[in-house]
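Read through the structure below, which is laid out as C-alpha cells, and then see the notes.
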Amino acid sequence: MLLLRFSVLVGLLFLICPGVLAQRVPATVVARPGDGAHALLRRYGLTSSQHFQQFLTLNKANLTAGNGLVAGRTYRLPTGAVTPARPAPPVSASALQAPVFGPSYARVIVRDRALRGAVYYLSAGHGGPDPGAIGKYGAYRLAEDEYAYDVTLRLARVLLEHGATVYMLVQDPNDGIRDASILPIDHDEVTYPHQRIPLSQLRRLQQRIAQANKLYARHKGAYQRLLALHVDSRSAGQNIDVFFYHHANSPAGLRLARNIHQVFTNRYRRAQPNRPYAGNVSERSGLYEVRTSHAPAVFMELGNIRNARDQQRFLRADNRQALANWIYEGLLADYTRK
C-alpha cells in the first residue's frame with residue numbers, strides 16, 4: 001500500500017491502495033461498536049453512492065436518526081455477490097482521496113507544501129453520546145458537536161491542501177462536510193483509531209488526548225500543535241466573538257493563539273469596520289485538553305450557539321468555511337515564524 005508521506009488522516013491511514021481484492025459479500029452483517037453505514041460498507045468493498053442508498057433503503061426500519069447504526073444489530077447488505085478485483089485508477093501526486101470529507105469534498109488537491117512538516121491534532125468538541133451545547137433555531141435544535149465537527153473537517157481539508165499532516169481525533173463515518181444550514185444530530189462519532197466515545201466527559205477527553213500524545217511521540221522532533229474547537233452556550237441575548245485559550249506555561253501555545261487571534265482581528269476589521277472585534281486570548285490552564293496535551297494546544301470557542309446573531313456564524317456553510325480558512329491563516333503564520 002502507498003502511504004502519502006505529507007498527509008495522514010485518522011482512520012484513513014491508507015488513502016490509496018493498489019487494488020480491491022475479490023471478496024464474498026454476505027447477505028447480512030452485525031454492526032460493530034463505532035460502525036457507521038459508510039464504514040460498514042467499505043469493509044465489504046461497497047463504496048459507491050448507489051450502494052449507500054441501497055443500504056439505507058434495505059435497513060430503513062433499523063437505522064437511528066441521522067442514519068446511524070446500532071452496535072450488535074443485524075443489517076442487510078446490498079446484493080451483488082462478488083466485489084470484483086480491479087486496479088485503482090492512476091492518482092496524481094497532487095491529489096488525495098479522503099472519504100471522511102464526504103462525496104462532494106473527498107478529492108483534495110494539494111495546492112502547495114506551505115505546511116509540509118507540520119503535524120496537527122484536531123479535536124472537535126463533544127461527540128458520541130454527548131452533543132454538547134444545544135441551541136434552538138425555530139423548530140430545530142442545533143448541537144455543538146455537529147457544527148464544531150463541520151468546521152473541524154473544513155479546517156482539516158484546508159490543511160491537507162497545503163501539505164500538512166492532519167489527525168482528526170474525532171470522526172463521524174457518515175457525516176462528511178455538509179453545506180446544509182441545519183445539521184441533524186446523531187451519536188455515531190468515534191475517537192481515533194475507532195473507539196466508541198464514552199459518556200463520561202473526563203473519560204472522553206482522556207481517550208482522545210491519550211491518542212494524540214501517542215502520535216506526538218511518533219512524530220518526535222516535528223512541529224506539532226493541537227486545536228480543540230468548541231461552541232459555547234451562554235445567555236441567548238449574549239453575542240460573543242471567537243475566544244482563544246492556552247496554558248499559562250506554554251509560550252508556543254500562547255504564540256499560536258495570538259497568531260490566530262490576529263488573523264480574526266484583521267478579518268473583522270476589513271469585513272465589519274464599524275464593529276470592534278471583542279474576541280481575545282487568555283490563559284485557561286485548567287482545561288483538560290490544554291493541560292494534558294504534549295503538543296502545544298489552543299482551545300477555541302467559536303461563538304454562542306444560543307444567540308441569534310452568533311447562530312449565523314454556524315448556520316451558513318460559507319461562514320463555517322470562513323472560520324476554517326481564518327484559522328488556517330493563523331496556523332500558517334505561526335508555522336512560518338517558528
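In this text, all values refer to a predicted model and were calculated from it rather than measured experimentally. For the single chain, residues carry numbers from 1 onward in sequence order.
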Residues [X], [Y]: salt bridge by 4.0 Å N-O rule:
X	Y	answer
Arg196	Asp188	no
Asp241	Arg313	yes
Arg337	Asp334	no

side-chain hydrogen bond (donor to acceptor under 3.5 Å, both in side chains) between Gln311 and Asn307, intermediate numbers included: CA-CA 6 Å; Gln311 284 174 351; Asn307 179 267; over 6 Å; no

Candidate pair Asp179 and Arg154, rule salt bridge (Lys or Arg N to Asp or Glu O under 4.0 Å), full reasoning: CA-CA 11 Å; Asp179 290 329; Arg154 293 170 185 272; 2.8 Å; yes

Just by distance, no angles: are the side chains of [X] and [Y] close enough, under 3.5 Å, to form a donor-acceptor pair?
X	Y	answer
Arg208	Ser123	yes
Glu283	Tyr245	no
Asn325	Glu329	no
His126	Glu144	yes
Asn266	Gln262	yes

What closest approach, in Å, do [X] and [Y] show between heavy atoms, and which atom pair accounts for it?
X	Y	result
Asn249	Pro251	O-CD, 3.4 Å
Leu302	Phe314	O-CZ, 3.6 Å
Leu142	Ile182	CD2-CD1, 4.0 Å
Gln54	Pro78	OE1-CB, 3.1 Å
Val231	Glu301	C-OE1, 3.4 Å
Thr152	Ala124	OG1-CB, 3.5 Å

So, [X] side chain and [Y] main chain: donor-acceptor pair closer than 3.5 Å or not?
X	Y	answer
Tyr147	Leu183	yes
Asn319	Gln312	yes
Asn213	Thr292	yes
Arg204	Leu199	yes
Arg73	Asn62	yes
Gln171	His194	no

Set of ring pair (Phe, Tyr, Trp, His ring centres under 6.0 Å) partners for Tyr277, sequence neighbours left out: His261, Tyr268

Working for side-chain hydrogen bond (donor to acceptor under 3.5 Å, both in side chains), residues Tyr167 and His219: CA-CA 12 Å; Tyr167 290 94; His219 292 282; 2.8 Å; yes

CA sep, side-chain torsions, deciding dist, call: Thr28, Tyr75, side-chain contact (heavy atoms from CB on, under 4.5 Å): CA-CA 5 Å; Thr28 62; Tyr75 293 91; over 6 Å; no

Intermediate values then yes/no, side-chain hydrogen bond (donor to acceptor under 3.5 Å, both in side chains), Gln224 and Tyr121: CA-CA 8 Å; Gln224 304 185 60; Tyr121 308 100; 2.4 Å; yes

Test side-chain contact (heavy atoms from CB on, under 4.5 Å) applied to Phe244 and Leu254, step by step: CA-CA 9 Å; Phe244 307 88; Leu254 172 59; over 6 Å; no

Near-ring test Tyr335/Tyr223, centroid separation under 6.0 angstrom: yes

Verdict with supporting geometry, Arg320 and Val151, side-chain contact (heavy atoms from CB on, under 4.5 Å): CA-CA 6 Å; Arg320 298 197 295 271; Val151 175; 4.0 Å; yes

Parallel, tilted or perpendicular: rings of His162 and Tyr328 (30°, 60°): parallel

side-chain contact (heavy atoms from CB on, under 4.5 Å) assessment of Tyr149 paired with Leu122: CA-CA 10 Å; Tyr149 182 67; Leu122 305 184; over 6 Å; no

